There are 2 protein chains.
Amino acid sequence: MTPKNEEQFKKIRDQRQQELRRSAIQMFSQKGFAAAKISDITSHANLSHGLFYHYFTSKEELYIEVIQEILADFIELVEEANELQKSSLGKMEWLTDATHSGSIREGVYRHILILQALYSDHLNEPVKLEIVALYKRAVDGIATIIQEGQQEGHFIEGDPEELATYHLALAHGLLLWNARTDSPIELSTEKVLRQLKRSGNGGMCQ
Amino acid sequence: MTPKNEEQFKKIRDQRQQELRRSAIQMFSQKGFAAAKISDITSHANLSHGLFYHYFTSKEELYIEVIQEILADFIELVEEANELQKSSLGKMEWLTDATHSGSIREGVYRHILILQALYSDHLNEPVKLEIVALYKRAVDGIATIIQEGQQEGHFIEGDPEELATYHLALAHGLLLWNARTDSPIELSTEKVLRQLKRSGNGGMCQ
DNA sequence: GTCTATACGACGATAGAC
DNA sequence: GTCTATCGTCGTATAGAC
């Protein structure tokens, strides 16, 4: 009960929580919310299933918590890109790089979870609306960069938000593709941005 | 037991099977395999849950059957595109149109199922390998069209299979996006093909 | 803080009546 | 061909020992 011990305990608690959360992200991502069992999550972290409830109140609560955390990180990333001292093209390149890197697999798990949360049915309406709102903030942030790029003349014309949607569709589609194969598969930022750039297809204009 | 009656029975049987299969596709797509309950499938078709097992031997069997059927249809579509008397660009336009139309929602459900099958974990290895092989046939078919288009000078340079992957990533990403929103959202074939076409971004070359 | 044992509910699948 | 009733299993969540 000395302060010293309490700190030790807190350290262990935090570590276990993080291990379980990390494991949960992977299991949710690979199996989906319904199919990912508590025992999958705990055993992947080499802990007993009973311990799960020492750290979280329910599977669903953890799921929601994790999704929101991931989305918050993604929004932060987009905002970070917006604040860079770079051209809009440079910002998009930085953002695309950052999205597709980040210890590879880990990042893929997290993004797949975003997709699951957006496209599946097991969340109740209020939570789902909140998720969608968070996602929209990310889209808006990207749209801002694109709009800027249009003014600079680097990007093609069109509704910025729609273009942002197309960009994310491609980026997410490629993330999924990458998740499926064991081979690393090189993801070229340039190729992802190809569809945005103005007459930029390899500079093959005439 | 007269022939007449047998025909009637067969007709009913076929109809019920189709209703259940249709319902299953929607439920699997919206909820995922694990979360889609037998009772969800049957009640959505206004039938009792017991009846399910009169028509199918198990949930998993139906799931696999449905996935393979959908993939076979997709492959057929791609091959059909390949055989058209059109330019490669015309073929891609036709294919993209066909993929994104088809009673809208129905088509979306089916494509989401493809994604689920490819990216989830609940299929055993042999089945999964078969699914992947089927999908590869579709990708190859698209790559063939793209290669043709490169020779005609309509499409940008690059490995055809990789470009096909990018194309499908975008197409799938947009399908998902469309699945999420209640609003119809216009999907422009031209915009989807934008990333493939050579210096074709609105014809803004100089 | 971590574990094992157990209560309880849900769902896939079957049996049998109509 | 369709339904309701039921079994058996599995998974979430809890209780309590260490």
Side-chain angles (χ1 to χ4, degrees), chain A residues 1-24 26-28 30-66 120-124, chain B residues 1-28 30-66 120-124 127:
Chain A
M1 291 299 179
T2 75
K4 185 106 182 184
N5 277 343
E6 284 213 5
E7 265 184 42
Q8 293 286 352
F9 282 147
K10 176 168 169 32
K11 204 169 166 184
I12 292 181
R13 274 206 309 277
D14 288 353
Q15 189 178 337
R16 289 283 174 274
Q17 264 222 358
Q18 190 137 353
E19 284 166 9
L20 284 171
R21 189 177 273 112
R22 192 190 195 78
S23 173
Q26 180 171 347
M27 292 300 116
F28 285 149
Q30 288 181 335
K31 296 168 180 280
F33 173 75
K37 294 174 277 191
I38 302 286
S39 58
D40 288 331
I41 297 171
T42 50
S43 70
H44 185 261
N46 291 316
L47 296 169
S48 72
H49 59 277
L51 197 57
F52 180 90
Y53 294 93
H54 191 74
Y55 288 103
F56 307 100
T57 64
S58 77
K59 187 168 99 163
E60 184 171 2
E61 189 231 43
L62 173 59
Y63 182 73
I64 295 173
E65 186 185 315
V66 152
S120 294
D121 245 16
H122 46 262
L123 297 167
N124 47 23
Chain B
M1 291 301 180
T2 76
K4 185 106 185 186
N5 276 345
E6 285 214 7
E7 265 184 42
Q8 292 287 355
F9 281 147
K10 177 168 169 30
K11 204 171 166 183
I12 291 181
R13 272 206 310 278
D14 287 352
Q15 190 177 336
R16 288 283 174 275
Q17 264 221 359
Q18 191 138 353
E19 284 166 8
L20 283 172
R21 190 178 270 109
R22 192 190 197 77
S23 174
I25 289 176
Q26 181 172 346
M27 292 301 115
F28 284 150
Q30 289 181 335
K31 297 166 179 281
F33 173 74
K37 295 173 276 191
I38 301 287
S39 57
D40 289 331
I41 296 171
T42 51
S43 68
H44 185 260
N46 291 316
L47 296 168
S48 71
H49 60 275
L51 198 56
F52 180 91
Y53 294 93
H54 191 74
Y55 289 103
F56 307 99
T57 64
S58 77
K59 188 169 100 162
E60 184 171 2
E61 188 230 43
L62 173 59
Y63 182 73
I64 294 173
E65 187 185 316
V66 152
S120 293
D121 245 18
H122 46 262
L123 296 167
N124 47 23
V127 175

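Just so you know, these numbers use all the heavy atoms, side chains as well, and skip hydrogens, waters and symmetry mates. Model, not experiment: these values are computed from the prediction. Just so it is clear: chains get the letters A, B, ... in the order the sequence lines come, proteins before strands, and each one is counted from 1.
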Query - A:Gln18, CD: over 12 other non-hydrogen atoms inside 6.0 angstrom - result: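 Open.
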**Report entry** Residues, nucleotides or ligands: over 12 heavy atoms within 6.0 Å of B:Arg22 CZ
**Finding:**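 Counting other residues, nucleotides and ligands, CZ of B:Arg22 stays at 12 neighbours or fewer.
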Phosphate OP1/OP2 of [N]: any [X] side-chain N/O under 4.0 Å:
{"X": "A:Tyr53", "N": "D:dA13", "result": "yes"}
{"X": "A:Arg16", "N": "C:dT2", "result": "yes"}
{"X": "B:Arg13", "N": "D:dG1", "result": "yes"}

Under 4.0 angstrom, heavy atoms only, what part of the nucleic acid is [X] near: base, sugar-phosphate, or nothing?
{"X": "B:Ile12", "answer": "sugar-phosphate"}
{"X": "A:Leu51", "answer": "base"}
{"X": "B:Ala36", "answer": "sugar-phosphate"}
{"X": "B:Phe56", "answer": "nothing"}

Output the rounded distance in Å from [atom1] ([X]) to [atom2] ([N]).
{"X": "A:His122", "N": "C:dA10", "atom1": "NE2", "atom2": "P", "result": "19 Å"}
{"X": "A:Leu20", "N": "C:dC3", "atom1": "CG", "atom2": "P", "result": "10 Å"}
{"X": "B:Lys59", "N": "C:dA10", "atom1": "NZ", "atom2": "C1'", "result": "12 Å"}
{"X": "B:His54", "N": "D:dT4", "atom1": "NE2", "atom2": "C1'", "result": "16 Å"}
{"X": "A:Phe52", "N": "C:dG1", "atom1": "CZ", "atom2": "P", "result": "16 Å"}
{"X": "A:Tyr55", "N": "D:dA13", "atom1": "OH", "atom2": "P", "result": "18 Å"}
{"X": "B:Ile38", "N": "C:dC11", "atom1": "CD1", "atom2": "C1'", "result": "9 Å"}
{"X": "B:Asp40", "N": "C:dG12", "atom1": "CG", "atom2": "P", "result": "8 Å"}

Listed nucleotide nearest any side-chain atom of [X], set [options]:
{"X": "A:Ser48", "options": "C:dG12, C:dT4, D:dT12", "answer": "C:dT4"}
{"X": "B:Lys37", "options": "D:dT2, C:dC11, C:dA13", "answer": "C:dC11"}
{"X": "A:His49", "options": "C:dC3, C:dA13, C:dT6", "answer": "C:dT6"}

Query raised in the report: Should the pair B:Arg16-B:Glu19 be classified as a salt bridge under the 4.0 Å nitrogen-to-oxygen rule?
Result: yes
Requested in this report: Might you point out which heavy atoms bring B:Lys59 and B:Ala34 nearest each other, and give the distance in Å?
Outcome: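 For B:Lys59 and B:Ala34, the tightest heavy-atom pair comes out as NZ-O, 3.5 Å.
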Query raised in the report: Between the main-chain N or O of A:Glu61 and the side-chain N or O of A:Ser58, is there a donor-acceptor pair closer than 3.5 Å?
Result: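 At least one qualifying donor-acceptor pair exists.
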